[in-house]
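Comments concern the structure below.
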Number of protein chains: 2
Amino acid sequence: MAEDRRTRRTRRALSNALVELVLERGFSALTVEDITERADVGRATFYSHFRDREDLFARVTAGLLDGLSERLRPVMAESPVGFTGKPVLEMLRHAREERDAYRIVLRGEGDGRPLQMFTDAIARATADEFRDRAERNGVEPRIDPTLLARVWVGEQIAVLRWWVEHETPPMPVEDVVRMLLDLGLHGRYWASGFNDETTDGTAST
Amino acid sequence: MAEDRRTRRTRRALSNALVELVLERGFSALTVEDITERADVGRATFYSHFRDREDLFARVTAGLLDGLSERLRPVMAESPVGFTGKPVLEMLRHAREERDAYRIVLRGEGDGRPLQMFTDAIARATADEFRDRAERNGVEPRIDPTLLARVWVGEQIAVLRWWVEHETPPMPVEDVVRMLLDLGLHGRYWASGFNDETTDGTAST
DNA sequence: ACGTTTCGAGACAGCTTGTTCAGTAACTTA
DNA sequence: TAAGTTACTGAACAAGCTGTCTCGAAACGT
């Protein structure tokens with residue numbers, strides 16, 4: 001007994017309507033009726049699928065994460081022991097396809113809860129990766145992996161957001177990845193045009 | 001004619017009530033009456049000061065930014081041409097004092113708008129700094145300063161949040177600053193225990 | 001073609017919002 | 001300290017939204 005076609009249809013319609021409307025007016029300005037109207041669905045029907053607006057939003061976000069992890073699976077599987085920019089690249093591609101959904105999540109709509117869901121999922125996976133890698137290579141991390149993961153995810157999210165908020169792609173995905181790689185390799189001062197000679201021990205903004 | 005003491009009192013009370021309650025229940029779950037009740041103020045009074053909940057939240061955030069920039073002013077003024085971690089340090093100290101307010105803003109409560117206000121203010125200032133510095137030293141940034149600023153602010157926000165969400169300070173402010181400085185200087189791979197030898201050109205997560 | 005599941009429209013109480021108003025209390029200033 | 005101004009209160013208001021329910025109609029899977 002495959003899922004009823006009607007439920008699929010209305011769930012999709014409601015999800016799309018949500019994304020469109022949040023993009024236009026912001027989550028807190030929406031009523032359930034706004035959403036059902038846009039989706040061309042009876043209001044009562046909404047409640048037979050979702051508890052409330054937040055529930056719908058949460059499921060949209062979960063769907064996004066599912067899609068992402070599915071895309072990431074093959075890349076992680078073939079994982080050479082070393083480093084490739086593949087995962088980030090794949091995420092950027094995913095963001096390009098699901099641009100609007102990414103936008104509303106990254107903007108922190110819904111009191112930041114979907115964004116937190118998203119961030120936490122990535123941070124968790126990243127921290128695990130860091131630990132694994134350190135162990136495999138038998139090196140001692142200089143900074144707590146959990147914290148380091150948060151920093152790294154903070155960077156990614158910032159760039160991702162900058163990227164999806166531009167109407168027209170400001171830079172090819174490959175360049176974005178290269179940039180992040182350089183940053184990870186050389187640090188921020190290098191990127192701003194300075195190197196270790198110019199900046200003494202007490203460096204920074 | 002200095003400001004009436006009563007207005008100061010009720011505005012403070014309402015602001016504090018908001019912060020407390022958002023921390024406890026989240027912004028979207030709050031009613032105006034919840035806030036006025038906690039602040040021990042008539043509901044009608046609320047509307048003679050603020051348009052709605054969002055307005056109140058926005059002003060709380062603006063106040064936070066004012067406080068921050070006031071603390072930053074002297075540090076920026078004495079600004080030696082070089083780099084010191086002073087501004088970040090000052091921000092961490094400010095966050096320690098205004099911990100709860102920082103928490104709710106950084107969590108993205110209020111559909112992320114306060115957070116965006118906060119982030120944008122810092123990113124703008126940072127980007128200007130980057131540009132100034134590059135010009136003063138006559139070097140060419142390897143990466144667009146606007147983007148670089150977003151990345152750097154993304155890092156800061158991530159760390160700040162990690163810092164402020166711990167009940168008991170997980171690390172002295174000075175160490176946090178040192179860590180960020182190291183990250184800016186050497187990059188992420190150094191922090192995770194690798195160096196340029198271990199990671200070849202095609203590095204990263 | 002049949003039994004099952006979903007959908008739609010309308011009606012419901014309950015709550016929140018934002019405004020208004022008149023009486024009372026607190027404040028500033030001279 | 002008294003006079004005049006300004007802020008606060010509590011109550012009442014229409015309007016809108018929420019979440020739940022019911023029943024007949026329509027779409028579905030097999």
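Values reported hereafter were calculated over all heavy atoms of this structure, with side chains retained and with hydrogens, waters and symmetry mates removed. Below, chain A is the first sequence line, B the second, and so on; all start at residue 1.
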- Message: If you apply the rule salt bridge (charged side-chain N to carboxylate O under 4.0 Å, His left out), what do you find for Asp55(B) with Arg59(B), and how did you get there?
- Response: CA-CA 6 Å; Asp55(B) 186 28; Arg59(B) 298 206 195 209; 3.3 Å; yes

- Task: Would you kindly give the CD-to-C1' distance between Glu37(B) and dG10(D), to the nearest whole Å?
- Result: 14 Å

- Ignoring the backbone of Arg5(A), work out which of dT16(C), dC28(D), dC8(D) is nearest its side chain. dC28(D)

- Note on the structure: Atom CG of Asp40(B) and atom P of dA7(D) are separated, to the nearest Å, by 20 Å

- Query: Whole Å only: how far is the CZ atom of Phe46(A) from the C1' atom of dT20(D)?
  - Reply: 14 Å

- Message: Given 3.5 Å as the limit, does a donor-acceptor pair link the side chain of Asp111(A) with the main chain of Ser28(B), or not?
- Response: yes

- Nearest-neighbour nucleotide for the Asp4(A) side chain, dG18(C), dT6(D), dT6(C) considered: dT6(C)

- Decide whether a cation-pi geometry holds between Arg150(A) and Trp162(B); the criteria are a distance under 6.0 Å from NZ or CZ to the six-membered ring centre and an angle within 45° of the ring axis. no

- Looking at the side chain of Tyr47(B), which of dG29(D), dC27(C), dG18(C) is the nearest nucleotide? dG18(C)

- Contacts of Arg43(A) and Thr10(B) projected onto DNA chain D by closest heavy atom; the upstream (5') one is Thr10(B)

- How many Å lie between CZ on Arg6(B) and C1' on dT29(C), as a whole number? 13 Å

- Item | Rounded distance (Å) that lies between atom P of dA27(D) and atom CZ of Arg9(A) | 10 Å

- Query: Do you know the tightest heavy-atom contact between Trp163(B) and Pro170(B)?
  - Reply: CE3-CD, 3.8 Å

- Among dC8(D), dC27(C), dG10(D), find the nucleotide with the atom closest to the side chain of Ala44(B). dG10(D)

- Message: Looking at Phe27(A), I'd like to know if the NZ or CZ of Arg53(A) sits under 6.0 Å from its six-membered ring centre while staying within 45 degrees of the ring's axis.
- Response: yes

- Rounded to the Å, how far apart are Glu3(B) CD and dA7(D) P? 9 Å

- Query: Taking the side chain of Thr45(A) as its heavy atoms from C-beta onward, which of dT9(D), dG8(C), dT6(C) lies nearest to it?
  - Reply: dG8(C)

- Take the protein atom CD of Glu33(B) and the nucleotide atom C1' of dA12(D), then report the distance between them rounded to whole Å. 14 Å

- Query: Does OP1 or OP2 of dC7(C) have a side-chain N or O of His49(A) closer than 4.0 Å?
  - Reply: yes

- Value in whole Å for how far the P atom of dT5(C) lies from CZ of Arg8(A): 17 Å

- Message: So, does Thr7(B) get its side chain near the phosphate of dA7(D), meaning an N or O under 4.0 Å from OP1 or OP2?
- Response: no

